[in-house]
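Computation of the quantities below employed the complete heavy-atom set of this structure, encompassing side-chain atoms and omitting hydrogens, waters and symmetry-equivalent molecules.
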Amino acid sequence: MPSINFKGKSLVQNYHLQVPFHELKPVKAKSLAKKVSLHDNLVVHGDNLKALKALLPYYHGKVKCIYIDPPYNTGNEKWVYNDNVNSPMMQEWLGKVVDREDLTRHDKWLCMMMPRLKLLREFLTDDGAIFISIDDNEVHWLRGLMDEVFGEQNFIASVIWQKVFSPKNTAKYFSEDHDFIVVYSRRLESWVPNLLKRSAEAEARYENPDNDERGPWSSSDLTARNYYSLGTYEVTSPSGKKFKPTMGTYWRVSPEKFKELDKENRIWWGNNKNNMPRLKRFLSEVKAGVVPQTLWLYQDVGHTQDAKRELLALIAFEKSEDVFTTLKPTGLIKRILNIATDQDSIVLDAFAGSGSSAQSVLQLNNEDGGNRKFILIESEDYADELTAERIRRVIKGVPKAKDETLRKGLGGSFSYIELGQPMQIESLLKGKKLPAYEDLAGYVFYTATGEDFNAKKINRKTGYIGESAKYDVYLYYEPELEYLKNTALTLDMARKLPKGSGKRRLVFAPTKYCDAVHLETERIDFCQLPFEIYKTAKPGKT
Ligand SMILES: C[S@@+](CC[C@H](N)C(=O)[O-])C[C@H]1O[C@@H](n2cnc3c(N)ncnc32)[C@H](O)[C@@H]1O
């Protein structure tokens with residue numbers, strides 16, 4: 001199978017594994033929540049590579065739908081490739097704005113995207129999918145990269161979104177009227193799209209001119225061009241008129257089937273019972289909705305001007321050049337959510353921008369009574385005054401808004417998170433920048449077991465931090481050097497460890513005063529902090 005190649009690929013291929021875990025620090029003052037929590041809706045301020053890695057212990061395999069809208073790499077966006085990959089070549093690239101003159105701009109973009117896509121994939125549930133907005137600058141490279149990271153067999157569709165309502169006549173060659181939304185699943189066999197609601201227009205096509213007790217119906221042609229050896233017979237209408245398929249077409253059903261359908265009053269001969277027969281299709285018998293199509297018109301999901309209007313209805317900008325551009329209409333994101341989420345799904349957007357995906361989640365919950373949750377990541381400083389502020393206003397309401405629901409506010413909550421220090425586990429030796437208990441617990445649990453960590457399970461009294469498939473896991477740790485110097489797993493402590501689920505116990509502590517035989521008798525595997533947290537990790541895990 002062909003594979004994509006680009007400058008720097010060998011350096012970034014496994015970079016996501018090297019990115020250190022960072023602490024996640026909830027900021028109460030910027031949150032809109034009674035109790036800030038990593039299990040709330042989240043707005044995370046920071047580079048998404050670090051933020052994704054830090055969130056992984058909590059949300060690994062839990063996200064049903066990822067929507068991302070990364071820089072399109074048009075050459076005008078002023079984005080900088082600044083992942084700190086340690087290599088002279090990467091260092092040479094650092095800090096330079098990626099513009100049209102930059103002959104390696106596609107390589108840089110791919111270097112930026114690859115580790116992020118690898119991490120994003122880890123978040124998806126087995127039946128989850130990722131939707132990526134992109135345009136012609138990178139769509140072909142993105143497809144190649146996605147084939148490699150997600151697997152060609154997991155490709156679902158490349159959607160065309162008609163983003164403008166009128167062509168740009170000033171365009172030099174073609175007016176670019178669409179973006180793409182590239183869609184891949186985690187495992188195609190497990191992914192099932194929700195059917196979309198039939199539009200009012202489509203529903204209106206179902207009528208009931210003959211007062212059929214089965215309810216409204218629409219009719220479809222009973223002939224087709226495909227050759228069908230039994231499809232050439234003659235039929236007679238109730239008024240006595242004879243019909244055969246026109247030259248080059250055939251009935252789509254056998255003569256017996258036709259008779260059966262006619263007997264069941266499923267053939268429509270017209271009001272005067274004198275027309276070419278058609279097949280009646282009852283609204284009550286067709287699928288409850290329509291299968292998603294790959295062409296999304298602005299009339300159905302909104303266009304770029306709608307997106308801007310939606311933001312301006314919530315936030316006033318001092319100068320028009322300050323208005324956030326490149327944003328997406330909520331109609332577009334709601335279409336994605338309608339296809340790819342259930343009412344309690346978690347939705348992740350790692351390039352959050354103005355926060356339109358959070359608004360879409362809140363609106364859809366409001367419309368269908370759902371309880372979807374969002375996780376947004378934004379690296380720029382406007383994560384607070386734009387991304388989070390938009391969400392605050394959607395939740396609390398904007399008194400001057402025209403729309404009634406916006407005026408009242410949709411309710412809800414979110415926690416605002418800053419990225420803290422990288423979790424340099426070796427720092428435990430020096431006692432400097434010691435991570436908080438919960439952060440270290442998430443880190444060691446996930447690193448050692450490769451399984452999801454749930455902070456709610458922590459019991460600080462016993463040191464219990466959770467249960468994996470194989471172990472009950474314990475952590476003896478406090479972010480104080482004296483504690484670390486003086487704490488050891490003793491035989492007495494080993495014997496007093498709660499029996500928990502009855503599984504073997506995995507114990508993290510600075511040291512132990514207990515020999516291997518006794519540990520085995522107590523069915524304990526010991527990991528010394530900070531050195532041995534990888535001891536039980538499965539190879540290849542993030
Ligand atoms: C095209 S905009 C997204 C717009 C968004 N869909 C909306 O409707 O508002 C891309 C956003 O990704 C952010 N971004 C770019 N690189 C990032 C990174 N490495 N980590 C986090 N955010 C990043 C940019 O600052 C920008 O706000």
Side-chain angles (χ1 to χ4, degrees), residues 1-4 13-14 16-17 52 55-68 113-134 139-161 180-198 286-296 332-350 357 361 364 368 370-375 446 449-452 468-470 538-542:
M1 193 181 79
S3 72
I4 186 169
Q13 212 151 18
N14 288 318
H16 63 294
L17 300 174
L52 286 170
L55 290 165
L56 204 49
Y58 302 90
Y59 288 102
H60 171 255
K62 293 209 171 111
V63 172
K64 181 86 194 285
C65 172
I66 297 175
Y67 169 65
I68 55 168
M113 289 301 287
M114 188 176 216
R116 287 166 175 83
L117 290 171
K118 287 199 170 191
L119 281 180
L120 284 166
R121 186 171 170 274
E122 295 295 319
F123 281 83
L124 284 177
T125 53
D126 244 17
D127 60 352
I130 179 167
F131 292 69
I132 308 176
S133 277
I134 202 71
V139 65
H140 52 309
W141 293 113
L142 177 68
R143 283 289 305 275
L145 186 62
M146 289 297 287
D147 280 352
E148 185 159 330
V149 176
F150 277 71
E152 193 185 345
Q153 71 283 6
N154 292 316
F155 170 72
I156 299 177
S158 184
V159 170
I160 286 178
W161 167 47
F180 297 95
I181 302 171
V182 170
V183 191
Y184 278 72
S185 60
R186 170 91 213 215
R187 279 182 77 239
L188 192 62
E189 312 85 86
S190 311
W191 191 75
V192 185
N194 298 326
L195 298 178
L196 292 170
K197 245 177 101 183
R198 220 172 247 107
V286 293
K287 278 189 186 172
V290 284
V291 80
Q293 293 174 272
T294 50
L295 186 59
W296 296 3
L332 179 77
I333 304 173
K334 279 201 285 188
R335 164 69 61 93
I336 293 171
L337 301 177
N338 272 320
I339 292 170
T341 66
D342 305 320
Q343 293 200 337
D344 56 358
S345 299
I346 299 177
V347 178
L348 170 61
D349 178 352
S357 50
V361 167
L364 191 58
D368 68 4
N371 194 23
R372 294 168 192 83
K373 217 171 78 168
F374 61 79
I375 302 172
Y446 179 72
T449 66
E451 293 175 37
D452 306 338
S468 73
K470 206 167 146 198
K538 290 182 207 136
K541 263 280 159 206
T542 306

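- Of the inter-residue distances, the one linking I333 atom CD1 with S357 atom OG reads 5.0 Å to the nearest 0.5 angstrom.
- Looking at V192 and D127, their side chains never come closer than 4.5 Å, going by heavy atoms from C-beta outward.
- With sequence neighbours excluded, the residues satisfying side-chain contact (heavy atoms from CB on, under 4.5 Å) with Q13 are K9, M114, K118, E148.
- Rounded to the nearest 0.5 Å, atoms CD1 (I66) and CZ (F123) are 7.5 Å apart.
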Could you give me the CA-CA distance, side-chain angles and deciding distance for L348 and L52, then say whether side-chain contact (heavy atoms from CB on, under 4.5 Å) is met?
-> CA-CA 10 Å; L348 170 61; L52 286 170; 4.0 Å; yes
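- Here the shortest heavy-atom pairing between A350 and L120 reads CB-CD2, 4.2 Å.
- Contact record, L195 with A288: CD1-N, 4.4 Å, taken as the closest heavy-atom pair.
- Closest approach of T125 to G61, counting heavy atoms only: CG2-O, 3.3 Å.
- Here the closest non-hydrogen pair linking P292 and I339 is CB-CD1, 3.6 Å.
- Taking P57 as the reference, F21, Y446, F453 meet the side-chain contact (heavy atoms from CB on, under 4.5 Å) condition, with sequence neighbours excluded.
- The side-chain contact (heavy atoms from CB on, under 4.5 Å) check on V290 picks up L196, R198, with sequence neighbours excluded.
- Considering only heavy atoms from C-beta on, V149 stays 4.5 Å or farther from M113 through its side chain.
- Between A340 and C65, the shortest heavy-atom distance links the atoms O-CB, 3.9 Å.
- Residues satisfying the side chain to side chain donor-acceptor pair (under 3.5 Å) test with Y58, not counting sequence neighbours, are none.
- To the nearest 0.5 Å, atom CD1 of residue I68 and atom CZ of residue R116 are 10.0 Å apart.
- Applying the salt bridge (Lys or Arg N to Asp or Glu O under 4.0 Å) test to R372 and every residue at least two apart in sequence or in another chain returns D368.
- With sequence neighbours left out, R186 forms a salt bridge (Lys or Arg N to Asp or Glu O under 4.0 Å) with no residue at all.
- Contact check for D349 versus F374: no side-chain heavy atoms found under the 4.5 Å cut-off.
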Residue pair V182, F150: steps toward the side-chain contact (heavy atoms from CB on, under 4.5 Å) verdict | CA-CA 12 Å; V182 170; F150 277 71; over 6 Å; no
Steps toward side-chain contact (heavy atoms from CB on, under 4.5 Å) verdict (T341, V361) | CA-CA 10 Å; T341 66; V361 167; over 6 Å; no
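- By the side chain to side chain donor-acceptor pair (under 3.5 Å) test, N194 is found to be paired with no residue, residues two or more places apart in sequence or in another chain being considered.
- One distance of note links CG of L332 with CD1 of I181; it measures 4.0 Å at 0.5 Å rounding.
- For the pair R143 and F180, the minimum side-chain heavy-atom distance is 4.5 Å or more.
- Under the ring-ring contact (aromatic ring centres under 6.0 Å, His included) criterion, Y184 pairs with F155, not counting sequence neighbours.
- Contact of the I336 side chain with the V183 side chain is not registered, since no non-hydrogen atoms from C-beta on lie closer than 4.5 Å.
- The stretch residues 187-197 participates, sequence neighbours left out, in these salt bridge (charged side-chain N to carboxylate O under 4.0 Å, His left out) pairs: D126-R187, R187-E189.
- Listed by chain and number, the residues in a salt bridge (Lys or Arg N to Asp or Glu O under 4.0 Å) with D342 are K64 (sequence neighbours excluded).
- Rounded to the nearest 0.5 angstrom, I130 CD1 and Y67 OH are separated by 11.0 Å.
- Identified under the side-chain hydrogen bond (donor to acceptor under 3.5 Å, both in side chains) test for residues 149-160, with sequence neighbours left out: none.
- Residue S468 comes nearest to T449 through the heavy atom pair CB-CG2, 3.6 Å, listed as atom of the first residue, atom of the second, then distance.
- Looking at N338 and L364, their side chains come closer than 4.5 Å, going by heavy atoms from C-beta outward.
- Checked against salt bridge (Lys or Arg N to Asp or Glu O under 4.0 Å), K334 has the following partners two or more places apart in sequence or in another chain: E367.
- Between atom NE2 of residue H140 and atom CG of residue L145 there is a gap of 12.0 Å, rounded to the nearest 0.5 Å.
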